[in-house]
Amino acid sequence: TPEAVHAIVEGMKWLGLDHDEGPFYQTQRMGRYKEVIEQFLREGKAYHCYCSKEELDEMRAGQTARKEKPRYDGRCRHRTAPAPGVTPVVRFRNPDEGSVVVDDVVHGPITFDSGELDDLIIARSDGTPTYNFCVVVDDYDMQVTHVIRGDDHINNTPRQINMLRALGVEPPLYAHVPMILGPDGTKLSKRHGAVSVLQYRDDGFLPEGLLNYLGRLGWSYGDQEIFTLEEMTRLFDIHDVNKGASALNVDKMLWTNQQHMMRATPERLATYLQPQLAMLGIQTDDLAKLAAVAKAQQERAKTLKEMAGNSTFFFREVVAYDEKAAKKNLTAETAPLLKAARDRLAALESWVAPRLHETIQAVAAEAGAGLGKIAQPIRVAVSGGSVSPPIDVTLEILGRETTLQRLDRAIAHCG
RNA sequence: GCUCCCAUCGUCUAGAGGCCCAGGACACAGCCCUCUCAAGGCUGGUACGAGGGUUCGAAUCCCUCUGGGAGCGCCA
């Protein structure tokens, strides 16, 4: 569907995964597939099968009852005349002797007995080609050298190799990488929240954060955990990939993302923070302020979504104080401290973090108290809660006017 | 059921016969740092699925079992 195609293309674009050509659409290559089907038919490498759905079901039921692997028994292989009133499918004629060896890059040689391979349908009764056949024609036409895919495809590989050989070419190199399981070790499904890569973008992940986490699943480079895109592309080697499946771990995924957020430039974070804030109803084009906030918050959030959530007070009024924080910090006892701080701050000439820090420190010293005694009430006053970046940095970003205004309101609240 | 694949801490992994009474990371616990929260530092507990071999010596090689996964469509 167009939506599915869009999700793939957009997802890769967001991740920065580039491609040299294409994308190609199989729906636009129908003529070519039919051409190869005709060729196979002509060369006796494929044949028409007139078996009905019911007949096939019955055959499989019998095999299952006999504890055999359900598979097509080749009954139409030697049919000479068409069955009247039936539009046939086309089946590929698999060899019935010998074996096929898939020399897999990550698994090593895997042997399949030809007897295990039945004659798969390559064209439906309406003439349209099927997946396993189309990819073979594509790999052949496009001179694909490496096929890297999930190991759920291992069992398809011997048939594809047989079709490639029927085409007269040697198969490409296959590398079957392990699957990714859900956090509970079972197959990944929507149940686990895995919908599309774009979901991770919306959840506030950095492309390099997701890529790093995913890259370390089934692959490693010594004890290194954090890789830049450049390092990953340079250091990655398909031969180092593990065979076993791995389970998704949300905690580590978040940690990996945070590590990348800490390493990213504030300016870049700002461009991702902006849409996250927009989702919270905050519209701003002040890139300088966004970058300042990102810088102050970049090691305090595991995702950009979390960062946005923690940063709303920088962009809009504090509508209500956190109840517990206010009860503890905005009291009759702290009111004089806030007042003193407010007056000293108002007199400041230069509204920058070092000056702000000195000032608050001085107020605390005069009161014979530690910095925490005064910083925390100010924090609640300006942010509404008990958590924020360092108080001097927070006030600098907020600016003089907003800070004083919020302090006044907090002092009033102290009653 | 049949065929194929896989197997080191809860999770991601290092380990390609002695360097391993198994190392790193996430998570967890404690401590330090500290204006909050983080980040950072230090410390701690937890793993080679089982049983047989081979070898002077096995997490590493072989076999069996057990456990998990995938495939067996006129789906992709």
Side-chain angles (χ1 to χ4, degrees), chain A residues 4 26 49 51-53 56-57 60 63-72 87-91 102 104 106-108 110-113 115-118 120-132 134-135 150-158 176 178-181 183-187 213-214 216-226 242-256 258-259 261-262 296-302 306 310 325 329 357 360-361 364 369-380 383 385-392 394:
Chain A
Q26 290 180 327
C49 168
C51 294
S52 68
K53 182 93 177 115
L56 294 174
D57 285 345
R60 289 187 189 112
Q63 290 165 330
T64 305
R66 270 173 273 131
K67 302 197 170 183
E68 287 170 13
K69 179 180 184 174
R71 45 146 129 48
Y72 183 66
T87 42
V89 298
V90 178
R91 285 183 187 272
V102 179
D104 193 90
V106 341
H107 290 273
I110 306 170
T111 306
F112 293 87
D113 197 88
E116 295 297 330
L117 279 20
D118 62 359
L120 73 157
I121 291 173
I122 58 176
R124 304 181 180 90
S125 46
D126 67 0
T128 58
T130 56
Y131 166 80
N132 267 302
C134 292
V135 294
D151 62 19
D152 50 337
H153 280 283
I154 287 181
N155 290 292
N156 285 332
T157 312
H176 287 95
M179 315 231 55
I180 298 172
L181 275 19
D184 54 1
T186 64
K187 191 181 176 186
Y213 176 72
L214 256 20
R216 270 289 278 98
L217 250 32
W219 174 81
S220 63
Y221 186 78
D223 287 339
Q224 191 171 342
E225 295 287 349
I226 302 301
N242 291 159
K243 301 174 187 176
S246 45
L248 225 41
N249 183 265
V250 179
D251 282 324
K252 186 153 185 180
M253 182 162 35
L254 288 167
W255 174 82
T256 305
Q258 179 171 34
Q259 292 298 312
M261 295 225 297
M262 295 192 310
Q297 297 281 42
Q298 69 187 141
E299 60 187 29
R300 295 183 162 71
K302 295 181 193 303
E306 185 187 340
N310 292 341
N329 296 289
H357 184 80
I360 295 166
Q361 187 102 61
L371 187 57
K373 226 22 182 190
I374 176 70
Q376 204 55 7
I378 295 177
R379 174 168 286 117
V380 177
S383 76
S386 58
V387 176
S388 88
I391 200 65
D392 50 354
T394 300

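Reminder, nothing fancy here: chain letters follow the sequence lines and each chain counts from 1.
As judged by a 4.0 angstrom heavy-atom cut-off over every strand, A/K69 is placed among the base-contacting residues. Using a 4.0 Å heavy-atom criterion, one finds that A/D118 contacts no nucleic acid atom at all.
For A/E306 and A/R300, the salt-bridge test fails: no basic side-chain N is under 4.0 Å from an acidic carboxylate O.
In this entry the distance linking CG of A/L248 with C1' of B/U13 reads 15 Å, nearest Å.
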All N/O contacts under 3.5 Å from nucleotides 4-6 of chain B to the protein, with atom names and distances to one decimal?
unit_1, atom_1, unit_2, atom_2, d
B/C5, O3', A/H107, ND1, 3.0
B/C6, OP1, A/H107, ND1, 3.3

I'd like a list of close polar pairs between nucleotides 22-32 of chain B and the protein, N/O only, cut-off under 3.5 Å.
unit_1, atom_1, unit_2, atom_2, d
B/G23, N2, A/D223, OD1, 3.4
B/G24, N2, A/R216, NH2, 3.4
B/G24, N2, A/E225, OE2, 3.1
B/A25, O4', A/E225, OE2, 3.2
B/A25, N3, A/K252, NZ, 3.4
B/C26, O2', A/K252, N, 3.1

Polar atom pairs (N or O), protein with nucleotides 58-63 of chain B, under 3.5 Å:
none

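The OG1 atom of A/T394 lies 6.0 Å from the CZ atom of A/R379; values are rounded to the nearest 0.5 Å.
In this structure, a donor-acceptor pair under 3.5 Å is absent between the side chains of A/T130 and A/N132.
A search for side-chain hydrogen bond (donor to acceptor under 3.5 Å, both in side chains) contacts involving A/N156 returns A/H153, not counting sequence neighbours. Evaluation of the side-chain hydrogen bond (donor to acceptor under 3.5 Å, both in side chains) rule for A/D126 yields A/T128 as partners, not counting sequence neighbours. Partners of A/E116 under the salt bridge (charged side-chain N to carboxylate O under 4.0 Å, His left out) rule, at least two apart in sequence or in another chain, are A/K69.
On a pure distance criterion of 3.5 Å, no polar donor-acceptor pair joins the side chain of A/R71 and the base of B/C72.
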